[in-house]
Structures are given as C-alpha cells and as structure tokens.
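Everything on this sheet refers to the single structure shown next.
Hydrogens, waters and symmetry mates are skipped; everything else that's a heavy atom, side chains included, is used. Indexing begins at 1, ligand by ligand and atom by atom, following the structure's order.
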Amino acid sequence: MHIALFGATGGTGREVVAQALTQGHRIKALVRDPTRVPAQDGLTLIPGDVLDATATRQCITGTEAVICVLGSKPKQPPIEARGTAVIVEAMQASAVRRLIAVTSMGAGDSRRQLNPLFRWIMDLSLKAIMQAKAEQEQLIRASGLDWTIVRPGGLTDGPRTGTYRHGLDKSIKGGRISRADVAEFVLAQLDDRHYWQKTPAVT
Ligand SMILES: NC(=O)c1ccc[n+]([C@@H]2O[C@H](COP(=O)([O-])OP(=O)(O)OC[C@H]3O[C@@H](n4cnc5c(N)ncnc54)[C@H](OP(=O)(O)O)[C@@H]3O)[C@@H](O)[C@H]2O)c1
C-alpha cells in the first residue's frame, strides 16, 4: 500500500517506517528535517511542517492511507489537534479516506482507564497535550473518514514482541507497550476493518 506518514522522525514513526518498508509498503513521509532520515527504497520524504497545508496535501496526494503518529514536547504548543485539522482537510480534498492515528490511553473517554495516581500526574504535567489529544480525537470522529484511533499505554523503546493486548473493553488499563509493537498494530489496521470508526487501546 502507498502510505502517507506524519511523525516519521519520532520513536514510533521510525518503527512504522522500518516495518512498513519490510512489509513492502511505500511511504511518503512529511518531515521537518529530512537530513534526520536515511534514504531508503520505497521512502519519499516531503520536507515541511504539518501546519503547512500545501506540504501536507503534497504528502497525502496519491496515497491510499494516512498514518499519524505526531507528538508534542511539553512546554510547546501541542501539535496534535492543529496538525490533525490540516491532515483531515487535505484527506478530504484528496479523497484519501483511511486514517490511522495514534493518540493515548487517557485521551477522551479513556480517561477512566488510567489509575487515579497516573491521572493526577497527567493532569499536572501533560494537561495541554491531553486536551489537544482529546480535540484531535473529536476532529477525527467528525471527519467522515474511515478512521481508527489507536490509544497506547506508556511507550517504551523495547523490542517488537507481537504479544500485546488490544481492544475496546474499558477494563483494559494503562500498561506499557513498546513503540515497535504499536507500529506493528498500526500497520495491521491498514487492511483490517475490525476497528474502523473505533478507538482500540493497546497495552
Ligand atoms: N510517551 C508515552 O509514554 C506515550 C504514551 C501514549 C501515547 N503517546 C503518544 O504516542 C505518539 C507517538 O509517540 P512517540 O514518543 O513515538 O512520538 P515522538 O518521538 O515524540 O515523535 C513525535 C513526532 O511528531 C513530529 N512533529 C511534531 N510536531 C510536528 C510538526 N509541527 N510538523 C511535523 N511533524 C511534527 C516530530 O517531528 P520532529 O522530529 O521534527 O520533532 C516527531 O516525528 C505521540 O502522540 C505520543 O504523545 C506517548
């Protein structure tokens, strides 16, 4: 499949690139600094910021699915909702319908799936980012696209194991999962309709 990727220089994004290319997919990735990504067969880099509507549209045009693993640094204005608004508009204009976006366990109606102590820590340190993720999820739900929102628990840089839990059951609590396993789960959604218009947790 031909995939447009946002967040390719991040921890999860790098895993998505590596696994997708191994699986024979082609990727167009929008990156702010192309020197940070080694050239590889099947990978086309579009230099730019997701807030640049022209660059974002260029990245999406001609692809069959969009994967969004954008993330923000604390103390900077969160990118999730603002960037997703540009992506959704570009998808609607380009008639690309499939969107898989990684948000977080704790976003939107999954807030109660976090234990109270962790919820308190998130409220203290990540309030703006979690608000942006909730807005991002609302934008995606209202987009009319064929979306899946993936909500991982705490991310690690551990290896790909293939042994993680995923589902819609609210009894799934925030555990940990490697970025490599999140990437595997995200890529598995490309040709699986089970979680269309749904928000699975993965831990
Ligand atoms: N950390 C956790 O435990 C945890 C838990 C659950 C969910 N999550 C979420 O999971 C997702 C993936 O996490 P991660 O740690 O793999 O992400 P990450 O390493 O922080 O990567 C974020 C990516 O977003 C890109 N980005 C940010 N602003 C951009 C902009 N204006 N234009 C274009 N690209 C931009 C970054 O590009 P640059 O390299 O140019 O900055 C980078 O490629 C994030 O949404 C994160 O919040 C994290």
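- In summary, the atoms of ligand 1 found under 4.0 Å from a heavy atom of Asp49, numbered by their order in the structure, are 30 (C), 31 (N), 32 (N).
- In terms of polar-atom proximity, Pro152 is not counted as a contact of ligand 1, lacking any N or O under 3.5 Å from an N or O of the ligand.
- Distances between N or O atoms of Leu155 and those of ligand 1 include at least one value under 3.5 Å.
- When heavy-atom distances to ligand 1 are checked against a 4.0 Å cut-off, Arg36 comes that close only through its side chain, counted from C-beta outward.
- From the protein, the heavy atom lying nearest to atom 9 (C) of ligand 1 is Thr103 O, 3.4 Å.
- Near Thr12, meaning under 4.0 Å from one of its heavy atoms, ligand 1 places the atoms 12 (C), 13 (O), 14 (P), 16 (O).
- Ranking protein heavy atoms by distance to atom 22 (C) of ligand 1, first place goes to Gly71 N, 3.3 Å.
- Residue Leu70 places at least one N or O, backbone or side chain, under 3.5 Å from an N or O of ligand 1.
- Under 4.0 Å from ligand 1, not a single heavy atom of Asp33 appears.
- Here is the list of ligand 1 atoms found below 4.0 Å of a heavy atom in Gly10: 18 (P), 19 (O), 21 (O), 42 (C), 43 (O).
- Not a single N or O atom of Met105, backbone or side chain, sits closer than 3.5 Å to an N or O atom of ligand 1.
- Between Thr9 and ligand 1, a contact under 3.5 Å exists for at least one N or O pair.
- Applying the 4.0 Å criterion to heavy atoms of Gly154 picks out, from ligand 1, the atoms 3 (O).
- In this structure, the separation between CD on Gln197 and CD1 on Ile140 is 11.0 Å, given to the nearest 0.5 Å.
- Proximity to Ser104 (heavy-atom distance under 4.0 Å) selects the following atoms of ligand 1: 6 (C), 7 (C).
- In terms of N/O distances under 3.5 Å, ligand 1 is not approached by Gly13.
- Contacts between Arg179 and ligand 1, counted as non-hydrogen atom pairs separated by less than 4.0 Å, involve the side chain only.
- Checked against a 3.5 angstrom limit, the closest N/O atoms of Gly11 and ligand 1 fall inside it.
- In terms of protein heavy-atom proximity, atom 40 (O) of ligand 1 is nearest to Arg32 NE, 3.0 Å.
- Atom 5 (C) of ligand 1 has Gly153 O, 3.2 Å as its closest protein atom, hydrogens excluded (heavy atom only).
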